[in-house]
Amino acid sequence: MQRIVVPGEKISDGQLRLENTITENNATYSTVVAIYDEEKKTLLPLEGLWYPRYGDTVVGVIEEDKLNTYVVNLNAPYKGLLLTKFTEIEITTGDVVEATVKELDKTQTAMLMRPRKLSGGKLLSVKPSKVPRIIGSGNTMLKELTEGTGCSIMVGNNGIIWLKGKNVDLATKAILKIEEEAHTSGLTERIKEMLKS
Amino acid sequence: MQIRTVTDDFIKDLLMKGTREDGRGMGAYRPINIATGTIPNAEGSATVDMGHTKVLCGVKIGVGEPMPDKPKDGNIITSAELLPLASPHYDIGPPTPEAIEFARVVDRGIRAAKVIPTEKMFIEEEKVWEVYIDLYVLNYDGNLFDAGTMSAVAAIMSARMPKYEGEKVIREGSLGKFETGNVISSCTYAKIGNSIVLDPDGNEEASMDARITIANDENYVRAMQKGAGGSFTFKETEELIEKTFEKSKELRGILKKAVGE
Amino acid sequence: MSGGENQELIINGKRLDGRMPDELRPIKIEANVLHNADGSAYIEWGNNKIIAGVYGPKEALPKHISDPERAIIKCRYQMAPFSSLEEHGRSGPNRRSIEISKVTKEVFENVVMLDHFPGSEIDIFVEVLQGDGGTRTAGITAAAVALATSGIPMRDLPFAVSAGKVGDTIILDLNKIEDNSSDADMPVAVSPRTNTVLLLQMDGELTRQDINTAFSMVQKAGTYISKLQREAIKAPYEKIKDKYNK
């Protein structure tokens with residue numbers, strides 16, 4: 001059985017080791033709005049923020065060009081930093097880049113690596129908690145989106161999506177639909193249908 | 001700083017292809033929805049949704065002293081608040097130049113068109129009715145001027161008129177309607193590159209070179225305001241005035257319908 | 001609050017608006033009402049109409065106010081100049097709204113998991129569009145929903161309600177008329193999971209027994225208010241789910 005839980009709501013008696021929960025007095029409570037699956041004992045956040053992790057793909061905008069680093073706005077409480085010495089491409093303030101999280105420092109700054117410049121196009125901001133659904137397991141959903149619209153799409157784990165191509169409008173609508181309906185079943189079929197028409 | 005959702009050239013690229021982000025035409029408004037009487041405590045109120053832009057106007061009517069130069073006329077006091085919950089770019093603090101311009105542009109149209117007949121608002125020596133118009137921006141996505149004017153006019157048109165009896169303002173009980181003098185609306189255009197669009201949204205305003213607002217009633221232009229760094233030619237301005245007279249019929253229709261006239 | 005000149009607020013055991021002493025006014029909560037805010041909620045509580053919006057966590061500015069260990073909360077409570085049935089009210093901060101902003105902020109410092117976001121700030125805005133007594137408690141109740149919908153992790157979903165006293169009777173959820181001429185007013189915010197008090201203010205006169213009665217009323221009402229909050233947060237999801245389950 002799956003049910004929607006809110007912050008402070010008990011999900012289980014006994015202590016479960018799950019992300020986005022707290023345990024107290026031998027019971028486990030959710031700290032976010034999420035779907036709890038009783039059988040699988042999983043908690044899938046419906047609303048949630050992004051915590052940078054090693055290997056995450058991010059999309060951001062170069063905000064500052066300091067002496068030896070670029071500061072990247074990731075639309076998150078964390079800044080991204082790119083060391084110029086590891087940046088072989090030519091970038092300036094205002095450019096959109098895709099990069100990978102290399103490590104985190106204590107001040108909640110994400111050190112980035114392997115930047116790639118994304119020219120032109122549009123940025124779309126979605127809830128980071130919905131990113132896994134937008135990509136789909138084994139990239140299935142993202143494949144539907146790119147093939148169905150002919151757009152180039154780059155999805156950042158930080159919730160920023162870069163889109164470029166003729167059907168940006170359709171791709172945007174489809175992504176917003178996935179964001180809104182992420183917790184429902186049969187979504188891939190509905191998106192396929194939408195992109196066909 | 002929240003990230004801008006479009007890159008600088010995106011809007012311009014779209015316009016060059018003759019389209020806009022949401023696919024609407026150059027001279028089209030986003031969906032407009034007006035709800036009146038949303039704040040029953042205020043004598044008049046209206047919430048206008050223009051796409052994602054949401055403006056609430058509350059009208060309070062009270063008694064005060066007339067202005068020294070117009071001892072027989074009522075007062076109109078218009079203010080605007082760009083609430084920090086309306087946009088990541090709005091902050092707490094005293095009114096910004098942006099908020100003051102917004103309030104003054106709405107105010108000028110309403111005054112010039114005599115939407116509020118101030119000459120009929122005299123009570124006795126040193127006492128006149130005063131109308132407070134407060135514009136509350138709840139969500140910003142461009143074109144505050146048109147949404148603001150519309151919410152103010154709808155709030156005034158649907159307002160109730162208090163009574164003044166025995167040195168007291170009576171705001172409850174059986175009250176008549178506030179008597180309005182005229183209906184006005186405004187059309188705001190943004191010039192982006194070589195294109196001119198009606199009802200710019202937030203992304204379009206962020207990319208615009210120039211902006212112009214034209215407020216009119218059936219017969220006259222009542223107020224205008226050009227904004228931002230760019231410019232319009234005289235010819236463009238005249239054409240936009242023509243367009244505004246055409247478009248405003250639609251807007252006045254929406255307004256009258258919303259207040260049940 | 002004036003005490004003293006006690007107009008008849010309770011007649012034949014019922015209050016002026018027909019409520020029993022321990023009865024709440026009708027409450028309606030809607031989540032996610034603003035497009036730009038990271039989280040938002042609208043509450044109608046009796047004649048109160050309040051909108052709450054949350055932004056963040058984001059980089060704390062100016063830098064010197066940031067805390068390297070945890071997020072800071074900024075809160076602003078404000079009443080619209082057209083919110084009352086009386087005279088037009090001047091806008092801008094006054095001593096009352098500054099105090100309410102502070103105590104509201106302190107409620108959420110208790111439950112928001114601030115240590116997850118060092119160096120950042122979370123902004124909570126409470127705008128009272130129409131006020132009729134109990135705006136701070138309704139505002140806190142709405143802000144809790146707004147925070148939950150923003151995805152900011154919280155240990156609990158607090159609610160708030162006030163209790164007071166008229167003559168010898170303890171009453172729940174005072175409206176403006178009651179607030180103006182009651183003998184005591186006591187707004188309370190509670191973390192229901194731990195049943196702890198996050199906000200407590202009071203003025204007037206109450207005996208120990210009165211406070212005890214008032215506290216039970218608040219806790220009992222909280223079960224219902226919490227349920228409304230949870231339903232409001234879940235409603236947008238349930239709605240979409242229902243659409244496809246049919």
Side-chain angles (χ1 to χ4, degrees), chain A residues 2-10 19-25 27-35 43-51 63 71 73-79 104-109 125-130 159 176-187 189-190, chain C residues 31-32 36 38-39 54-60 66 68-71 108 111-122 144-159 190-194 226-227 229-245:
Chain A
Q2 288 191 339
R3 61 188 167 101
I4 300 173
V5 294
V6 303
E9 194 167 330
K10 191 197 273 191
E19 257 182 81
N20 299 304
T21 63
I22 46 169
T23 54
E24 240 171 62
N25 300 326
T28 307
Y29 304 86
S30 181
T31 59
V32 292
V33 186
I35 292 181
L43 189 74
L44 176 76
L46 289 169
E47 308 284 348
L49 304 158
W50 171 66
Y51 299 86
E63 195 177 69
V71 182
N73 183 341
L74 300 173
N75 208 28
Y78 325 96
K79 290 262 178 247
L104 286 174
D105 78 1
K106 268 181 239 144
T107 59
Q108 300 288 320
T109 307
S125 162
V126 298
K127 293 173 181 170
S129 57
K130 309 297 169 76
L176 293 179
K177 188 179 169 75
I178 302 170
E179 185 189 25
E180 188 176 286
E181 301 180 3
H183 61 297
T184 61
S185 49
L187 183 56
E189 285 311 307
R190 288 201 297 278
Chain C
N32 274 335
N36 287 347
D38 295 319
V54 169
Y55 281 90
K58 56 186 192 180
E59 189 184 6
S66 74
E69 303 291 323
R70 60 186 68 79
F108 292 107
V111 290
V112 172
M113 303 181 80
L114 299 172
D115 51 336
H116 283 39
F117 307 99
S120 69
E121 77 175 58
I122 294 164
V145 173
L147 274 162
T149 61
S150 76
I152 294 171
M154 290 195 284
R155 288 183 193 86
D156 202 5
L157 198 64
F159 72 86
V190 178
S191 168
R193 185 172 64 77
T194 53
S226 293
K227 180 170 158 272
Q229 287 175 305
R230 287 198 297 268
E231 284 171 1
I233 295 166
K234 293 174 188 179
Y237 290 104
E238 304 283 10
K239 211 170 117 192
I240 295 166
K241 241 168 118 179
D242 287 351
K243 193 167 102 188
Y244 295 115
N245 284 348

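In the text below, chain A, chain B and the rest are named by the order of the sequence lines, each starting its count at 1.
- Contact tally against chain A (heavy-atom pairs below 4.5 Å) for C:A148, C:S150, C:P158, C:P192: the top residue is C:A148.
- Heavy atoms of A:K127 lying under 4.5 Å from chain C belong exclusively to its side chain.
- Heavy-atom minimum distance, C:S120 versus A:P77: CB-CB, 4.0 Å.
- Taking A:V32, A:L49, A:V5 one by one and counting their heavy-atom pairs under 4.5 Å with chain C, the maximum is reached by A:L49.
- Atom CD in A:E180 sits 9.5 Å away from atom OH in C:Y237 (nearest 0.5 Å).
- For chain C, no part of A:T21 is nearby; none of its heavy atoms comes within less than 4.5 Å.
- Shown here is A:N25, whose CG atom has no more than 12 heavy atoms of other residues, nucleotides or ligands within 6.0 Å.
- With chain A as partner, the option from C:L147, C:D156, C:V111 having the largest number of non-hydrogen pairs under 4.5 angstrom is C:D156.
- The greatest number of non-hydrogen atom pairs below 4.5 Å with chain C, out of A:I22, A:N20, A:L46, is found for A:L46.
- Between the OH atom in A:Y29 and the OG1 atom in C:T194 there is a gap of 9.0 Å [rounded to 0.5 Å].
- Annotation: side-chain hydrogen bond (donor to acceptor under 3.5 Å, both in side chains) contacts of A:E24 (sequence neighbours excluded): C:R193.
- The aromatic rings of A:Y51 and C:F117 sit parallel to each other, their planes meeting at less than 30°, with 60° as the upper class boundary.
- When the shell of 6.0 Å around CD of A:E19 is examined, it contains 12 or fewer heavy atoms from other residues, nucleotides or ligands.
- Considering every non-hydrogen atom in both A:P7 and C:M154, the closest pair reads CB-O, 3.7 Å.
- C:R230 pairs by the salt bridge (charged side-chain N to carboxylate O under 4.0 Å, His left out) definition with nothing, not counting sequence neighbours.
- Once rounded to the nearest 0.5 Å, the distance linking CD of A:E63 with CD of C:E59 reads 7.0 Å.
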